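Shown next, in structure tokens, is the structure this report addresses.
The model shown is predicted, which means the values in this text are computed figures rather than measured ones.
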Amino acid sequence: MIDFARNVRLWFAPAEVRQEGTTPDYRFSLANERTFLAWLRTALALIGGGFAVDQFLPDLRWGWRVGLALALLAAGALCALRAVSHWVRCERAMRRGEDLPVSRFPALLSAVVAVVAVAMVVVVLFGWEG
């Protein structure tokens, strides 16, 4: 828990990250930043999908609509938070000369998106009103 709190603090103090280890090749730092931005785009798409489900499917049964929308919104929020966490962890690992951190988050995110997609297929096949 202490390590997590330290990492959260580093999200807002990039100068502290730069003090660790040695400066990696700038191409690796830029690649890390591009990956971070890709995760943010994914988060924005999930959030947009959540709002779209809620706003553009008014005939969908309330429980389905809210459940699907909240699943997408939560996945988007987690994705955005995970993006910055992963960026900091990778930057620190590169500066320390360590292996890049691995994560189960992509598998978890894929599973959530797949479940929502299957639920949407069920909704489409069986009608908007259940």
Kindly write out the residues that satisfy side chain to side chain donor-acceptor pair (under 3.5 Å) with T42, not counting sequence neighbours, or none if the list is empty.
none

Contacts of R89 meeting side chain to side chain donor-acceptor pair (under 3.5 Å) (sequence neighbours excluded), chain-then-number -> none

Which residues satisfy the salt bridge (Lys or Arg N to Asp or Glu O under 4.0 Å) test with R92, sequence neighbours excluded?
E20

Going by the rule salt bridge (Lys or Arg N to Asp or Glu O under 4.0 Å), which residues pair with D25 if we only count those two or more places apart in sequence or in a different chain?
R27

Residue pairs, two or more places apart or on separate chains, that pass salt bridge (charged side-chain N to carboxylate O under 4.0 Å, His left out) and touch residues 43-53
none

All N/O donor-acceptor pairs, side-chain side in residues 106-123, below 3.5 Å, sequence neighbours left out:
| residue | atom | partner | partner atom | Å |
| --- | --- | --- | --- | --- |
| S110 | OG | P106 | O | 2.8 |

For R9, all residues meeting salt bridge (Lys or Arg N to Asp or Glu O under 4.0 Å), sequence neighbours excluded
E16

Do W11 and V17 sit in one hydrophobic cluster, given that two such residues count as connected whenever their side-chain heavy atoms are within less than 4.5 Å of each other, even indirectly?
yes

Output a table of donor-acceptor pairs, distance under 3.5 Å, between side-chain atoms of residues 43-54 and any protein atom two or more places apart or on a different chain; print 'none' if there are none.
| residue | atom | partner | partner atom | Å |
| --- | --- | --- | --- | --- |
| D54 | OD1 | R65 | NE | 3.3 |

Among the clusters formed by ILVMFWY side chains lying less than 4.5 Å apart, do F12 and L81 turn up in the same one?
yes

Hey, what do you get for CD (E91) to OG1 (T23), rounding to the nearest 0.5 Å?
9.0 Å

Centroid-to-centroid, W39 to F105, below 6.0 Å?
yes

Under the salt bridge (charged side-chain N to carboxylate O under 4.0 Å, His left out) definition, can you give me all pairs with a residue in residues 104-116, not counting sequence neighbours?
none

Please say yes or no: joined through hydrophobic side-chain contacts below 4.5 Å, possibly via intermediate residues, are L40 and L73 part of one cluster?
no

Which side chain to side chain donor-acceptor pair (under 3.5 Å) pairs, counting each pair once, include a residue from residues 72-87, with sequence neighbours left out?
R82-S85, R82-S103

Heavy-atom neighbours of R96 CZ exceed 12 at 6.0 Å
yes

Is it the case that one hydrophobic cluster holds both L70 and W62, taking links as side-chain heavy atoms less than 4.5 Å apart, direct or via other members?
yes

Hits for side chain to side chain contact (heavy atoms under 4.5 Å, CB included) against R41, two or more places apart or cross-chain, chain-then-number order -> L37, A38

Could I get the full list of side chain to side chain contact (heavy atoms under 4.5 Å, CB included) partners for L100, not counting sequence neighbours?
C90, A93, M94

Measuring only between side-chain heavy atoms, which start at C-beta, is Q19 closer than 4.5 Å to R95?
no

